A.B. asks: 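Quick one: the structure is below, questions incoming.
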Amino acid sequence: MAWEFLTIYWREMIRFTRFKALLFSSLLQPALWLAFFGVAMSSNFDRFASAVPAPPGVFPVEYLTFMAAGVIAMTTLFTSLFGGISLLFDKNWGLMREMLASPIPRTHIMIGVSLSGMTKSFIQVIIIMVFGLLIGVHFFPGYTPLQIAVSVLGILAFVGVFSLGFLLFSSIISMRMESPEGLQGVITLLTLPLFFVSNSLYPIQAFPPLLRALSIYNPLTYLITGIRYFTIGSDFFAIGARYTYTPVDILISFAVLVIFAAVMYVLAWQTFRRAVVT
Amino acid sequence: MAETIIDVKNLEHTFNGVRAVRGISFTVREGEIFSFLGPNGAGKSTTINVLTTLLPLQKGTVRVADHNVAQEPEKVRRSIGIVFQDEVLDRDLTVWETMEFHGRLYAIPREERRRRIDEMLRVVELEDKRNERTKHLSGGMKRRLEIARGLMTAPRVLFLDEPTLGLDPQTRMRMWDYIRQVNEAGTTIFLTTHYMEEADMLSDRISIIDHGEVIASGTPERLKNALGEDVVYLETENDAEAREVLDRLESIRSITESPRGLSITIDEDGSHCLPVIMDRVRGAGIGIVSVNLKKPTMDDVFVHYTGRELRDTGRTS
């Protein structure tokens with residue numbers, strides 16, 4: 001078994017923890033989203049939502065809890081999309097040459113960077129969940145400790161696969177781009193449609209047909225489906241729409257994310273194999 | 001004769017239609033210090049990048065440490081160490097972490113790795129800086145760290161691309177000592193430099209390339225002597241008479257007279273010719289006031305072969 005990617009992972013994690021200010025802000029930012037945007041929106045939405053009461057027997061969910069899952073997904077998306085930037089810096093500062101001239105297989109460079117990005121997402125997700133619970137997000141309603149443990153593992157599985165996909169995607173762009181500004185531009189251009197054409201903040205059911213069709217191709221939609229299933233349940237009602245998930249739906253969502261990550265892996269592998277950095 | 005450790009045959013490399021390297025061939029012998037010189041844009045860096053597997057081989061054959069760079073790049077990588085021309089240090093890692101990272105990249109087992117880090121840091125005198133971040137090191141310390149890093153994998157060939165660029169004379173001399181030490185311990189050194197006296201002092205052999213081709217090769221002595229431009233400055237009690245005496249000497253190419261004496265250009269090695277000249281002049285009963293021998297430097301050799309025009313300043317070679 002080849003463990004060389006751990007070397008890259010180790011260095012990435014040193015970098016992550018070395019800059020205390022950066023570390024702190026990257027952990028605090030999602031919590032702030034939840035605190036300000038979440039609380040402000042939910043106090044508004046819950047007022048309207050009371051006009052459409054949940055059908056009898058269906059579990060109603062307040063907006064803060066509904067969108068908390070979206071914040072988890074959004075944070076994962078942003079962190080992962082920018083995760084490949086360390087490769088761009090390595091390339092621009094010449095550090096990439098040390099790695100490319102060493103015997104370490106190139107795939108391990110991208111795997112190491114991706115796994116460190118995934119770890120960062122895991123840490124952020126846990127922080128958001130803990131912080132959410134503190135400010136009144138009702139995750140895991142009536143769950144036993146075992147169910148909670150299983151749910152957290154389920155969330156991490158979804159987050160893990162999703163972040164790998166986007167980290168590899170980000171690595172591909174980083175390897176092809178010349179400047180951090182270019183990468184920033186591409187990513188900003190992508191984050192808006194990805195984030196808003198999804199079920200992160202509102203239900204897809206009320207989208208116009210085109211947006212709705214687009215949302216089906218958005219990996220973020222599948223991540224959020226998974227997170228809501230594990231944090232809220234398989235049948236609930238939120239902002240005027242009923243959500244029901246069967247285990248098959250969840251497996252399909254997971255499979256979509258796995259396929260997405262696999263495609264990105266192949267593309268990233270081709271990019272790395274051909275990359276010439278001097 | 002020592003074995004060949006780098007064997008380059010008819011290497012060609014083209015970038016966007018520009019032939020940066022046009023069929024060069026040379027060999028480096030195991031255990032020697034080999035200097036690879038040339039003006040900016042001559043094709044040096046391209047050649048080094050192919051030799052170190054950073055650029056794919058396009059045309060020709062290149063063997064480094066018994067492996068073909070095209071077929072077994074990983075084995076080549078295991079056998080070489082590189083100190084890049086520009087600084088390649090993660091500013092935010094400590095000295096020790098920089099070494100540890102490198103050792104892990106080469107999969108050196110933990111115990112062995114830690115031992116070598118200690119040893120190498122001692123050699124380059126950075127032991128007390130091990131927990132310092134590299135951005136806080138001086139230019140010379142950074143260079144020493146990079147050399148220590150290049151050496152910790154015990155490479156058979158160490159590529160040094162302008163190792164003393166921008167260093168002060170003291171640090172540079174120190175660097176030469178390290179390079180010699182490393183070489184004496186058995187590592188072959190492949191050196192590029194723009195400092196001709198550095199190449200002259202360190203190298204066993206030199207190749208000069210320009211416009212993508214090797215234009216001169218040999219030991220520093222041979223290259224300098226081949227110019228045949230040793231000049232003797234001679235001041236005597238009677239320059240005109242001395243000139244007449246010397247005119248008959250075969251190895252003298254030309255003599256010019258100036259108010260401060262004679263300058264005599266010699267065809268062969270001046271150090272052998274000088275005693276003869278002095279004997280002749282004294283033999284003719286002419287007293288010598290002063291004498292001075294100027295041999296061509298590597299700078300003269302370099303300019304002789306590569307000319308005086310400035311090269312593209314935008315691109316590094």
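What you see below is based on every heavy atom in this structure, not just the backbone, and it leaves out hydrogens, waters and symmetry mates. Each chain gets a letter, A, B and so on, in the order its sequence line appears, and its residues count up from 1. In this text, all values refer to a predicted model and were calculated from it rather than measured experimentally.
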A.B. asks: Does any part of the side chain of A/Glu98, heavy atoms only, come nearer than 4.5 Å to the side chain of B/Phe101, both counted from C-beta?
C.D. replies: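 When only atoms from C-beta onward are counted, A/Glu98 and B/Phe101 do touch, with a gap below 4.5 Å.
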A.B. asks: Specify whether B/Trp96 and A/Trp10 have parallel, tilted or perpendicular ring planes, treating 30° as the upper limit for parallel and 60° as the lower limit for perpendicular.
C.D. replies: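 The rings of B/Trp96 and A/Trp10 stand perpendicular, inter-plane angle above 60°.
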A.B. asks: Looking at B/Thr53, B/Leu55, B/Thr52, B/Leu93, which makes the most heavy-atom pairs under 4.5 Å with chain A?
C.D. replies: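 Ranked by heavy-atom pairs under 4.5 Å with chain A, first place is B/Leu93.
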A.B. asks: Which region of B/Leu89, side chain (C-beta onward) or backbone (N, CA, C, O), has a non-hydrogen atom less than 4.5 Å from a non-hydrogen atom of chain A, or is it both or neither?
C.D. replies: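 The backbone, not the side chain.
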A.B. asks: Please state whether the side chain, the backbone, both or neither of B/Ser79 comes within less than 4.5 Å of a heavy atom of chain A.
C.D. replies: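 Looking at B/Ser79, nothing touches chain A.
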A.B. asks: Search all heavy atoms of B/Asp90 against all heavy atoms of A/Leu95 and return the closest pair with its distance.
C.D. replies: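 Answer, listing the atom of B/Asp90 first, then A/Leu95: N-CD2, 3.5 Å.
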A.B. asks: Identify which part of B/Pro56 has an atom lying under 4.5 Å from any heavy atom of chain A, answering side chain, backbone, both or neither.
C.D. replies: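 Contact with chain A involves the side chain of B/Pro56 alone.
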A.B. asks: Do NZ/NE/NH1/NH2 and the carboxylate oxygens of A/Arg11 and B/Asp92 come within less than 4.0 Å?
C.D. replies: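 Result for this pair is no, no salt bridge flagged.
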A.B. asks: So which atom in B/Arg77 and which in A/Leu100 form the shortest heavy-atom distance, rounded to 0.1 Å?
C.D. replies: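 Of all heavy-atom pairs spanning B/Arg77 and A/Leu100, the closest is NE-O, 3.4 Å.
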A.B. asks: Name, in order of residue number, those residues of residues 15-36 of chain A that have a heavy atom at a distance of less than 4.5 Å from a heavy atom in chain B; otherwise write 'none'.
C.D. replies: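 The list, in residue order, reads A/Arg15, A/Arg18, A/Phe19.
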A.B. asks: State, to 0.1 Å, how close B/Ile82 and A/Ala101 come at their nearest heavy-atom pair, and which atoms those are.
C.D. replies: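 Shortest heavy-atom separation between B/Ile82 and A/Ala101 comes out as CD1-CB, 3.5 Å.
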A.B. asks: Between OG of A/Ser102 and NE2 of B/His102, what distance do you get to the nearest 0.5 Å?
C.D. replies: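 It comes to 7.5 Å.
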A.B. asks: Give a yes or no on whether A/Arg273 atom CZ has more than 12 heavy-atom contacts from other residues, nucleotides or ligands under 6.0 Å away.
C.D. replies: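 Yes, enclosed.
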A.B. asks: Is B/Glu87 in contact with chain A via its backbone, its side chain, both, or neither, using a 4.5 Å heavy-atom distance?
C.D. replies: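 Looking at B/Glu87, just its backbone touches chain A.
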A.B. asks: Answer yes or no: are there more than 12 heavy-atom neighbours, outside B/Lys9 itself, under 6.0 Å from its atom NZ?
C.D. replies: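 No, NZ of B/Lys9 has 12 or fewer neighbouring heavy atoms, counting only those of other groups under 6.0 Å.
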A.B. asks: Looking at B/Glu100, B/Arg149, B/Arg91, which one has more heavy-atom pairs under 4.5 Å with chain A than the rest?
C.D. replies: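 The candidate making the most pairs under 4.5 Å is B/Arg149.
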A.B. asks: Where is the tightest heavy-atom contact between B/Asp86 and A/Arg97, given as atom of each residue plus distance?
C.D. replies: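 So the two residues come closest at OD1-NH2, 3.0 Å.
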A.B. asks: Side chain, backbone, both or neither: which part of A/Met99 has a heavy atom under 4.5 Å from chain B?
C.D. replies: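 Both parts, backbone and side chain.
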A.B. asks: Are the side chains of A/Val276 and B/Leu54 in touch, meaning some heavy atoms are under 4.5 Å apart?
C.D. replies: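 No, side chains not in contact.
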A.B. asks: I'd like to know which of B/Arg78, B/Glu74, B/Lys75 tops the heavy-atom pair count under 4.5 Å against chain A.
C.D. replies: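 Looking at each of B/Arg78, B/Glu74, B/Lys75 in turn, B/Arg78 comes out on top.
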